[in-house]
Amino acid sequence: MSINCAAVDRLIDSMSFTQKVGQLNQRLLGWKSVERNAAGRLVASDELKQEIDRWGGLGTLYGLLRADPWSGQHWGNGIRPEERTEAIAVVQQTVLERGAHGIGVLLSEEAPHGHQALGGTVLPTNLGLGATFDPQGVQEAEAAVAAELAASGIHIALVSGLDIARDPRWGRCEECFGEDPLMAARMCEAIVTGMQGEHRSKVGHGGVAVVLKHLAAQGEAVGGRNGQSAVLGPHDLHEIHLPPVAAGVRAGALGFMAAYNDIDSVPCCANPWLLKDYLRDQLGFDGIVMADGLAVDRLEDMAGSIPAAGRAALLAGVDVSLWDEGFTRLEEYADDEQVVAAVDTALRRVLELKAMFGLLPEDGADTAAIAMPSADAIAQATADGREQAKRMAREAITLINDGQSAATLDDIRSVIADAQAGPVIVAGPFADDFGCFLGDYTAPLPADEQSSVYRQLVARLGEDRVLLAAKPSDAPADQWARASTVVFVCGSTSERSYDSEFDDNGAAKAVTEYGATCGEGVDLSDIRLPWRQDDMLGEVAALTTAPIVSVVVCGRAHVLTDVLERSAVTIWAGYAGQYGPQAVADVLVDGADMSGRLPVTLPAYPAAIPVRYNDRQSAAHVYKDAAEPILRGFGYGAGSLAAVTFSEMHADTQSHPGEVLVQVTAHADDHGAAGAVNLFAHVSGGRRIPRLAMLVDSVYMDLNAGERRDIAFHVPCDRLRDVGDGQVQVTCTLDGDSTHTVTATLPGEY
């Protein structure tokens, strides 16, 4: 929908200062805005009515459909999929009836990896999506999520994507696409294009506005401690943490969320350089900046008071608050010319966004004519989302160890397929667990949609063939002796229980002994597998001579040294989403290929961290008690591309001005292959210590059996010249082993 600037001007002129401030607030928790009457129908709550009356309208409402332990919404009391239309209608009609200007409310929802609502699609978390190295696949999956949100009457999707996993102790690593800025940038672009369409073409037409989070450098927090200081220089800030931001702006993102952390002592929510000079002036961003939940109020110590905190955030460039009191106190600055001007600027951005969704009254109308959700459209979009979730779960599965013992994955598959072979024992703490695959910020799924690796194998092999032994003592010694295969499901979980304790922003506050071991608020000082799982695997290995397949379900780079040593095969599954168990069974029983690649470096020791592939100095042979601190490198994947061979690699610096063109020929074996081929560069000859390697391009390919294909990598010279214009060594890496290398001299001068 086009924006009528004159109509926006008239609205702004007609509003009181209080009404203007109200449009910038997102204070009310959406699930508290409706309640059920005696007949069980949804009606507007007094809290909603009071909020509208206070401001003469409502700017943005957060989480109307959200369901999870923090909100307390579940299948017994939350808004079910078939009730979404009713809930949206109640809220919008109440806002229009009680508001002063006939303006509808923007509805924002959490969608970090699918829609966080009852019945919503659950994709793999970003770390799992990052393992696909498939931006086009992510774009299609996010488009399906956006279609579900739009069909449900939602306007804004709050989507993780800007964070970079720099320290595995950080509980929110699962929300990162990995440790590489280029891949994170491409994934952010995929999110925006998928959800908003090319050039924002779907906004208001089957798509939603994206608010990318978190801006910026949250993954750099000291010690992996959530929301704490990021201590880094401007060069590394631009090279590591800001590429996804720039990509989001290029793709047309309509929003960014300012993070909790500070960068060299300046909090992101009160950083005018970050939110104005860089984001708006340098990149040309024209959308809204939203604060993270209660982040404005956290400025109180810096600003001196809650009202001053709201003023500081507003003047730094925050347009919309989230749950805080600081923006509600902006009324106290009605005589402050700076605040008055900043409120008008932010208000214009909010109203222009509302215009895109038809939330403003048309010329001559008293109120906006807001289209209500369609149950059929919701159902169709949800079905499409489920198919995308299945596909992305399969792509996320990564083979990181094969044939450690005499048995290979192919050998194990043959044994599993042999109905006369001994039992398959599914062991480990997550053998019959579903929630471990879902990640943080996930709504509960109905019981009939829940599964586990154990249940999937039973469904395919039969109850007589598959035994469950969450603990080694759960199966008798004779069964361990007869076992043909052991599938050990280990890792961590972000699943929250409904009796968990939470901080005021929804982060985990207290974690029970066997509760969540990942997610927001669950930073760890020890990244070995929790609950002594390495010891449990050792007990299993002592009980049987059967080959062990370990399936690692996790949201951070855990230490898997013992797992790899004791397992014939190790499969890394990230948090693969609601279809993760099926994807694992597809690999083990149906012989599905694994195209995934590690999006993070796996450390070999718990204290030899952080280690990243793009560090400037190698950690090898530094620690005298941990000479080789890296277990598996970034981009490692021994799956379907392992049988692809490469030849005829060369670099061209002449035919394409401004870039280095690297070409290589790929040959598929008689099975075909799919997955990403990554090109890394090491640059020398400049005035900075170069990174050990940089991912400079990645091509996702799908080769038919026996196919031969030329692959072209396009590397912008600016990405290389930042370090110098000496010899540029470009290395094509497959399965973590540098097998092809070309060297080119960068044209031009530094």
**Request:** Report yes or no: does Asp68 contribute a side-chain atom to a donor-acceptor pair with the main-chain N or O of Ala443 at less than 3.5 Å?
**Result:** no

**Fill in**
Heavy-atom closest pair (Phe646 atom, Ala666 atom, distance to 0.1 Å) is CE2-CB, 3.8 Å

**Prompt:** So Glu395 and Asp593, side chain to side chain contact (heavy atoms under 4.5 Å, CB included) or not? Walk me through it.
**Reply:** CA-CA 9 Å; Glu395 285 194 32; Asp593 288 335; over 6 Å; no

**Test item: Ser414 side-chain N/O and Asp410 main-chain N/O as donor-acceptor pair under 3.5 Å** = yes

**Message:** Is it the case that atom CZ in Arg386 sees more than 12 heavy atoms from other parts of the structure closer than 6.0 Å?
**Reply:** yes

**Request:** Answer yes or no: is there a side-chain heavy-atom contact under 4.5 Å between Pro135 and Met183?
**Result:** yes

**Fill in**
From the list Phe634, Tyr636, Tyr700, ring-ring contact (aromatic ring centres under 6.0 Å, His included) partner of Phe133 resolves to Phe634

**Prompt:** With a 4.5 Å limit on heavy-atom distance, are the side chains of Met392 and Val138 in contact?
**Reply:** yes

**Asked** Checking side chain to side chain contact (heavy atoms under 4.5 Å, CB included) for the pair Ser492/Tyr575: CA distance, chi angles, key distance, verdict?
**Response** CA-CA 9 Å; Ser492 61; Tyr575 290 147; 2.9 Å; yes

**Steps toward ring-ring contact (aromatic ring centres under 6.0 Å, His included) verdict (Trp70, Tyr441)** = CA-CA 9 Å; Trp70 180 55; Tyr441 294 110; 8.4 Å; no

**Request:** Report yes if the side chains of Val552 and His558 come closer than 4.5 Å at any heavy-atom pair, otherwise no.
**Result:** no

**Asked** OG/Ser550 to CG/Leu537 distance, rounded to the nearest 0.5 angstrom?
**Response** 5.0 Å

**Message:** So Asn126 and Pro112, do their side chains get closer than 4.5 Å, heavy atoms only?
**Reply:** no

**Request:** Please assess Cys554 against Trp572 for the test side chain to side chain contact (heavy atoms under 4.5 Å, CB included), listing each intermediate value before the final yes or no.
**Result:** CA-CA 8 Å; Cys554 58; Trp572 187 90; 3.2 Å; yes

**Request:** Check whether any side-chain N or O of Asp590 sits under 3.5 Å from a backbone N or O of Val587 as a donor-acceptor pair, and report yes or no.
**Result:** no

**Met536 side chain near Pro472 side chain, heavy-atom distance below 4.5 Å** = yes

**Message:** Looking at Asp464, I'd like to know if its CG atom is crowded, meaning that more than 12 non-hydrogen atoms belonging to other residues, nucleotides or ligands lie closer than 6.0 Å.
**Reply:** no

**Prompt:** To the nearest 0.5 Å, how far apart are OG1 in Thr601 and CG in Leu631?
**Reply:** 10.5 Å

**Prompt:** For Asp440 and Arg496, what are the C-alpha separation, side-chain angles and deciding distance, and is it a salt bridge (Lys or Arg N to Asp or Glu O under 4.0 Å)?
**Reply:** CA-CA 8 Å; Asp440 203 356; Arg496 309 285 197 256; 3.0 Å; yes

**Asked** Would Arg612 and Glu179 pass as an ion pair if we require N to O under 4.0 Å?
**Response** no

**Asked** Taking atom types as modelled and ignoring hydrogens, do the side chains of Asp180 and Tyr613 form a donor-acceptor contact shorter than 3.5 angstrom?
**Response** yes

**Item:** Donor-acceptor contact present, side-chain Arg186 to main-chain Ser698, <3.5 Å
**Value:** yes

**Request:** Please check if the side chain of Arg632 supplies one atom and the backbone of Ile400 the other of a donor-acceptor pair under 3.5 Å.
**Result:** yes

**Item:** Backbone N/O of Ser567 and side chain of Asn401: donor-acceptor pair under 3.5 Å
**Value:** yes

**Prompt:** Has the side chain of Glu387 got a donor or acceptor atom that lies under 3.5 Å from a matching backbone atom of Asp384?
**Reply:** no

**Item:** Given Arg460, Arg391, Lys390, the one that forms salt bridge (charged side-chain N to carboxylate O under 4.0 Å, His left out) with Asp586
**Value:** Arg460

**Asked** Can you name the closest pair of heavy atoms from Tyr579 and Ala389 and give their distance?
**Response** CD1-CB, 3.7 Å

**Fill in**
On a heavy-atom basis, the closest approach of Pro423 and Gln479 is CG-OE1, 3.7 Å

**Request:** Could you tell me whether the side chains of Glu148 and Thr121 share a donor-acceptor contact shorter than 3.5 Å?
**Result:** yes

**Request:** Could you tell me whether the side chain of Arg169 reaches within less than 4.5 Å of the side chain of Ile609, counting heavy atoms only?
**Result:** yes

**Prompt:** Atom OG1 in Thr645, atom CZ in Arg708: separation rounded to 0.5 Å?
**Reply:** 9.0 Å

**Item:** Sub-4.5 Å side-chain heavy-atom contact between Leu129 and Phe177
**Value:** yes

**Message:** Measuring from atom OG of Ser160 to atom CD of Glu110, what distance do you get when rounded to the nearest 0.5 angstrom?
**Reply:** 7.5 Å

**Item:** Exercise: identify the closest heavy-atom pair between Cys518 and Gly171
**Value:** SG-O, 3.4 Å

**Prompt:** With no hydrogens and no angle check, is any side-chain donor or acceptor of Gln388 less than 3.5 Å from a backbone partner on Gly385?
**Reply:** no

**Asked** Which value, rounded to the nearest 0.5 Å, describes the distance between Ile548 atom CD1 and Phe488 atom CZ?
**Response** 8.0 Å

**Message:** Donor-acceptor pair, distance only, cut-off 3.5 Å: does the side chain of Asp433 make one with the backbone of Cys436?
**Reply:** yes

**Message:** Testing the 3.5 Å rule here: is there a donor-acceptor pair between the side chains of His113 and Glu174?
**Reply:** no

**Message:** Quick check against the 3.5 Å criterion: does Thr544 have a side-chain atom that pairs as donor or acceptor with the backbone of Trp480?
**Reply:** yes

**Request:** Could you walk me through whether Asp432 and Ser452 pass side chain to side chain donor-acceptor pair (under 3.5 Å), step by step?
**Result:** CA-CA 5 Å; Asp432 193 24; Ser452 68; 2.7 Å; yes

**Asked** Are any of the side-chain heavy atoms of Pro610 and Pro168 separated by less than 4.5 Å?
**Response** yes

**Asked** Is there a side chain to side chain contact (heavy atoms under 4.5 Å, CB included) between Ile711 and Val677 once you walk through the steps?
**Response** CA-CA 9 Å; Ile711 303 173; Val677 182; 4.2 Å; yes

**Item:** Distance, nearest 0.5 Å, that separates CZ of Arg556 from SG of Cys176
**Value:** 11.0 Å

**Nearest non-hydrogen partners of Asn226 and Asp523, listed with the distance** = N-OD2, 2.7 Å

**Request:** List the atom of Thr382, the atom of Gly119, and the distance in Å for their closest heavy-atom pair.
**Result:** CG2-O, 3.6 Å

